[in-house]
There are 2 protein chains.
Amino acid sequence: MPNPRSHDGPTLASVAQRAGCSPITVSRVLNSPEIVSPELRERVIAAAAELSYHVNVAARTLASIRTNTVGVILPSLTIHIFTDVLRGIYDGVRDTNLRVMLGNSHYDQNEEERLIREFLGQKPAAMIVSGIEQTASSRRMLEAAKCPVIQIMDLDDDPIECIIGFSHFDAGYQITRHLVEQGYRRIGFMAGWVNKRSLGRLNGWRRALEEAGIYDPARVLADMTDDRLIDPSAPDDLRYGDPSSALHGRMMLRKLLAVDGGIDAVFCNNDIFAVGALFEAQALRLRVPEDLGIAGFNDTDLVRASHPPLSSLRTPRYEIGLRAAGEAVCRLDQNSRTPAIIDLGIEVAVRTSTMRPQASG
Amino acid sequence: MPNPRSHDGPTLASVAQRAGCSPITVSRVLNSPEIVSPELRERVIAAAAELSYHVNVAARTLASIRTNTVGVILPSLTIHIFTDVLRGIYDGVRDTNLRVMLGNSHYDQNEEERLIREFLGQKPAAMIVSGIEQTASSRRMLEAAKCPVIQIMDLDDDPIECIIGFSHFDAGYQITRHLVEQGYRRIGFMAGWVNKRSLGRLNGWRRALEEAGIYDPARVLADMTDDRLIDPSAPDDLRYGDPSSALHGRMMLRKLLAVDGGIDAVFCNNDIFAVGALFEAQALRLRVPEDLGIAGFNDTDLVRASHPPLSSLRTPRYEIGLRAAGEAVCRLDQNSRTPAIIDLGIEVAVRTSTMRPQASG
DNA sequence: AATTGTGATGATAGCGCTATCATCATGAAA
DNA sequence: TTTCATGATGATAGCGCTATCATCACAATT
C-alpha cells in the first residue's frame, strides 16, 4: 500500500525513473534546461509529457524560498476602473511564470492592512497595491518587505519604492481648463464620494476655476460620502448597484442645477456619472452642450457612443496594470529596487458635449 | 550563521519555543484549537502574536495534501458580467480560509484547457469554471478531478457535477415574449458575437417569434463574430475597447433598421448594446418606445438611469459567483459531490423603453 | 604523465508544516 | 486494586521539491 499521505500524481521522482536519471536532473530540466545535455533533456521532457507531470507548486515554493506569486490588493472589484487595471495586470503576467494573488479591500484600510499582512506572510515575489492611503502600519510592512512593492493609480506622494499612475490634480485641472476655455463660467464638480484621488481632482478643478476667478465652493457635490455606498448592509438598490451608478449622476445633476446660480457645465468624477447627467439633461430638455456642458472622467467606451458624445479625460487604467506587472517582472529579473515615479499621463478627449458654440459663450 | 535557505520569519518551532510547548501543539492551535487546553492555547496565541507569526502556506499545503485554493477560470475580465461574477466569488470566500486562483482564458478553449491542466496540477480545493463549452479533454480532466467542480453561467446541459446559472433560452424567450405582448411585430435581435450562451438567447428569441408567427431570420445580427473582438493584435479602438461597446450597439441598430422591412423593436444581447441603440435612436430622432422598443440584457445600473429607462432582463450575476463560492465551501465541508443543477432565475424588468402605447399597437 | 579545468550528473539534506502513532496523566468503571 | 477509556501533549517521519556540494568523465594544458 502506498503512502496515504502522498498525492496521486506523478512526482519528479517518477519522471526521473522513467527517464532513467536522477530527480535533480529533472528539476534542472524544469528550471535551467540549458545546463542539461540535449539528449537527456529530451528524454526527460518526453517522460514528463507521458506521465503528464506537473510541478507541485507548494513543494517548489517550500524548497526554493522564492515564490512566483504577485500579491495584488485593490479597493474594489465593483468599480470598473479597477477591473480594467486587473485585466492589465493579468495580461502583464501572461507568459511569465508569475501568479496573481488578488485581495479586495472593499475600500477598508483595516481590511487592506490585514490583507497586506497575510500576503506578505507568504513571501510574495512582488506586491502591487492601489493608492497611497495605507495605514502607517501597512506602510511600514510594505517598506520592510523583501520584494518589489509597486503602488498604482496615484502619483503625488513619495512612493514606497515604485509608483505608477497619473496626477489626479492635473487631470482635474486640465479637464476644467478645457471647460473654462470653452466659455463655461458656472462649472460644477460632481465628485460623488471623496477619497484621496477624488480630492486631487477636486483640487485641480478648484485651481483652474480660481485662476479664472470663477471658483464657487457651492458647486462641488461630494455629499455622497456615504457609508451606504460601500456598506454591505445597505439597501439592495445601492448594495448591488455600482457606487458610481448613473442614477447617482442624475440625482447629483439635479442638485447642482438647484444650487444658487446653477451651473452651465459639470465635470463628473467618472463617465457613469456623466452619462447619468446626460440622461438627466435630456429629461430636463437641456441642450448639451448649449445649455449645459458635460465632461466625464476615464474616457470609457460609453461616452464615445453617447448622443452627443461626451468629452472625457482619458486615464491609462489598463496600461497601469500592464506596466505594474511589467515592473514587477523587470525588478525581479534585475533584482533591482530602484525608486521610480512613472507617470503614464492623461489626455483630454474633446467631444461634442463640451463644444460650446462660441456665439453664446 | 543561520541556514541561508531558511526564511527569516518566525516558524512554528519558534512560536513553540516561546510558548514552551512542541511545534505540533502550535499546529493544533492553528488547525483545531478545541483540542488544546485553554491555558496552553492562550499561551500559544500570545506567542504567535508577539512574533507576528504567519503560517507558511506552501509548507502547510505540502504537508497536508489538501490546499485551500479555489481555481476560477473565466473567459474574460473585460466583460463586466464576469467581473460581477468574480466579485461574487470573492465575497463568497470572504471569512473562509479559501483562496482564489483566477485564470482568464480570453475566450480561447485551448487556453482554457491549459489553465485547467495547470490548476488541477496544484490539487485545488475546488474548481469554478465558466460555461459548458470546454474541450473534450478539459471535460475529461474536470470529471476526473478529485475536487468539487462547479460550472457557472449556464444551465442547459448535463453538468460535470454542479452547475449554477440560469436558462439563456428562457431569458431570450421571456424578454421577447414581453416585446410581442407590447404589440411589437418586427422584433430584431442584436446578438453581437455568438457563443453558446448567446445562442441560447437567440433560440429563445426565435421561439417566441415563431409562436407569434412573426419570425424573420433577417432580423438577427450576429455578424460581429469577429476575431478582432478578442484578438490582441486588433486595432486599439477595439482591443482596448469592450467587445460589447455601445458603439457596436449604435452600428448594429443602424444595420437592423436597414434590413428589409426594418424593425420596430430590438432585443439587445447586453445593456451596453442597448444603451448604444438608445443613443442611435436619439440621433435618428426615433421615439422610444413609440417608434422603437429597446430591451437590454443583464439589467445593469445603467439602463435604470437612462432616458427613457430601458427594459432589461435581470440576470443573477453577482449571485452566481456568491453561490458558486458557497457551493464550493459547502461541498468541501460535507465532502459531498452530489450532482446539482441550480437555477438562480431571471426576471423581466419592464421599463418605459418597451411600454408601447397600446393605441399604436 | 600529471595537472587543471569544464561540463554533466548525482547524493544529501533540508524547506516548514502536518498525519500518524505513541505516551502519559487522570478518573470512571469493573 | 485493576482495567480501560479519555483527553492532552509529544516524537517521528515524511510531503515533493531544490540548494549545495560532491563526483566523474573527458579534454586541454603544462
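Per chain, numbering begins at 1; letters A, B, ... match sequence-line order.
In the set C:dG10, C:dG16, D:dG10, C:dG16 carries the atom at the smallest distance from any side-chain atom of B:A59. Comparing C:dA11, C:dT9, D:dA8 by their nearest atom to the side chain of A:I24 picks out C:dA11. Comparing atom distances between the A:T11 side chain and each of C:dG16, D:dG16, D:dT9 picks out D:dG16 as nearest. Out of C:dC17, D:dT18, D:dG16, the shortest distance to the side chain of A:R60 is found at D:dT18. If you check D:dG16, C:dT18, C:dA11 against the side chain of B:S64, the one that comes closest is C:dT18. Side chain of B:A63, nearest nucleotide from C:dG16, D:dT20, C:dT20: C:dG16. Comparing D:dG16, D:dT9, D:dT18 against the side chain of B:R28 picks out D:dT9 as the nearest. Distance from the side chain of B:T25 is smallest for D:dT9 among the nucleotides C:dC17, C:dA11, D:dT9.
Of the residues near DNA chain D, B:V36 and A:Y53, the one whose nearest nucleotide (by heavy atom distance) lies more toward the 5' end is B:V36.
Summarising the geometry, the separation between CG on A:L30 and P on D:dG16 is reported as 15 Å, rounded to the nearest angstrom. Atoms CG (B:N31) and P (C:dC17) sit 11 Å apart, rounded to a whole Å. Summarising the geometry, the separation between CG on A:L62 and P on C:dC15 is reported as 9 Å, rounded to the nearest angstrom. Between the CG atom of B:L12 and the C1' atom of D:dA13 there is a distance of 16 Å, rounded to whole Å. At whole-Å resolution of the value, NE2 in A:H54 and P in D:dC17 are 12 Å apart. Taking atom CZ of residue A:R41 and atom P of nucleotide C:dG7, one finds them 14 Å apart after rounding to whole Å.
Partner of A:M127 under the side chain to side chain contact (heavy atoms under 4.5 Å, CB included) criterion, chosen from A:I150, A:L142, A:I160: A:L142.
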